[in-house]
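Because only heavy atoms are used, hydrogens play no part in the values below, and waters and symmetry mates are left out as well, while side chains stay in. Nothing here was measured: the structure is a model prediction, and the numbers come from that model.
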Amino acid sequence: MAASRWAALCQGVSVALKASRALVTPQSHTRSGCRLAGDVFSETTPSSSPLHQSRFLHSTLARKGLEEFFDDPKNWGQENVKSGASWTCQQLRNKSNEDLHKLWYVLLKERNMLLTLEQEAKRQSLPMPSPERLEKVVDSMDALDKVVQEREDALRLLQTGQKYGRPGAWRRDLFGRIIWHKFKQWPLPWHLNKRYCRKRFFAMPYVDRFLRLRLEKYTRSQARKTSLMKKKEKSLQERFPRLSRAQNSSTA
Amino acid sequence: MARNVLYPLYQLGGPQLRVFRTNFFIQLVRPGRAQPEDTVQFRIPMQMTRLDLRNYLQSIYGVPVAAVRTRVQHGSNRKRDHRHVRVKKPDFKVAYVQLAHGQTFTFPDLFPEKPPDTEGSADSDLQDYLLEQEQQRQISDPRRGGVPSWFSL
């Protein structure tokens, strides 16, 4: 019985390895590569029995399904789980686009798993083991996004000369301020668009007085900042004349 | 597809929208009420639809999905902080996914209690020694016969 089950398991593993990722294979093959210590999955057939304390068969990730939302069963109940450092921007810049694409989904699955664990820990009122893993994964994903954006911007600049992906223009709004208006996609031309025509990209003459007041407020705040900096410099020089002389001699 | 991204306008005959590197992150949650055996409960971002979730699970996780139902859970705005300003808990969308091909799922116990035998022998010896020391310090005069010392004399 056990030997036949192991034989079936090995056959199932080899078939799963050959099967493509996107195919939904019949029920007999879905059970091949995945075993869980708590027997999370069960078939409708009564012949399947839970295997206690069995190790994962890391054959293909495509056959694991909902188990990927949970960590390795060895780590359940642990207080600390070891993890490495997050990916830095420079490390990611050395990778090809295909590698980055695959890494994005690896990180996405890890993040989903950690979010699941966090929610379950809140539910059970217990501390989550090693919450810094989530921060590392988030930082890695942000770095990856930044690197991909850099590559896309460079490619767009070289091919089309456009600085931004989404078209826009500098326009004066109703309050007289100069803003970067981002264009929106519409199925009809602007002169037939009632909602767009209700927006006004000009300011009436009575707004000029308030523009001047805003300008005065801004220049006053800038002047206050510069004068504060100068006062602080002066007081530092009075208190520490030796250091200021050393700084002047090094710069000169 | 993705959060915080402007979806381009679709007109008849236009290209199929394809988003590489999706921005959606989902969490499997333990159901608050008893659910049927083939139902899995997720918390998904508000911008995700049931079609999105089906494609997400099928293509990224390889989970065969028969049906998806969603609802929006309102996060409470009732609590107030020390300034009497309302504190909002974020809203989220809950999805109930029914698995295909007769598969079933039970939410596992992610925090099993460990048996205490795994403790190191050196630690337990140290603890026993310290406990003995504490007890010896606190033992009162044996001639008093167990009477507490706050009685006079």
ask   = Do you know which of B:Arg43, B:Arg21, B:Gln27, B:Arg30 has the most heavy-atom pairs with chain A at a distance under 4.5 angstrom?
value = B:Arg21
request  = Between chain A and each of B:Thr22, B:Val40, B:Leu6, B:Leu57, count heavy-atom pairs under 4.5 Å; write down the option with the most.
outcome  = B:Thr22
Side chain, backbone, both or neither of [X] within contact of chain B (heavy atoms, under 4.5 Å):
X	answer
A:Asn75	neither
A:Met113	neither
A:Gln124	side chain

ask   = Could you state the interatomic distance from CG (A:Asp145) to CH2 (A:Trp104), rounded to the nearest 0.5 Å?
value = 5.0 Å
Ion pair check, A:Asp153 and A:Arg156, cut-off under 4.0 Å = yes
request  = Could you please spell out the steps behind the side chain to side chain contact (heavy atoms under 4.5 Å, CB included) verdict for A:Lys184 and A:Arg195?
outcome  = CA-CA 12 Å; A:Lys184 199 175 153 184; A:Arg195 204 168 111 186; 3.3 Å; yes
message = For B:Tyr56, which atoms come within 4.5 Å of any heavy atom of chain A: side chain, backbone, both, or neither?
response = side chain
ask   = Is it the backbone or the side chain of B:Phe24 that comes under 4.5 Å from a heavy atom of chain A, or both, or neither?
value = backbone
query = Which heavy atom in B:Arg144 sits nearest to a heavy atom in B:Pro148, and how many Å separate them?
reply = NH2-O, 3.1 Å
task = May I ask you to test the B:Tyr61-A:Phe69 pair for a side-chain heavy-atom distance under 4.5 Å?
result = yes
message = Looking at chain B, which one of A:Asn112, A:Leu100, A:Leu115 has the largest number of heavy-atom pairs inside 4.5 Å, strictly under?
response = A:Asn112
task = Please work out which of the three classes, parallel, tilted or perpendicular, describes the rings of A:Phe70 and B:Phe105, given edges at 30° and 60°.
result = parallel
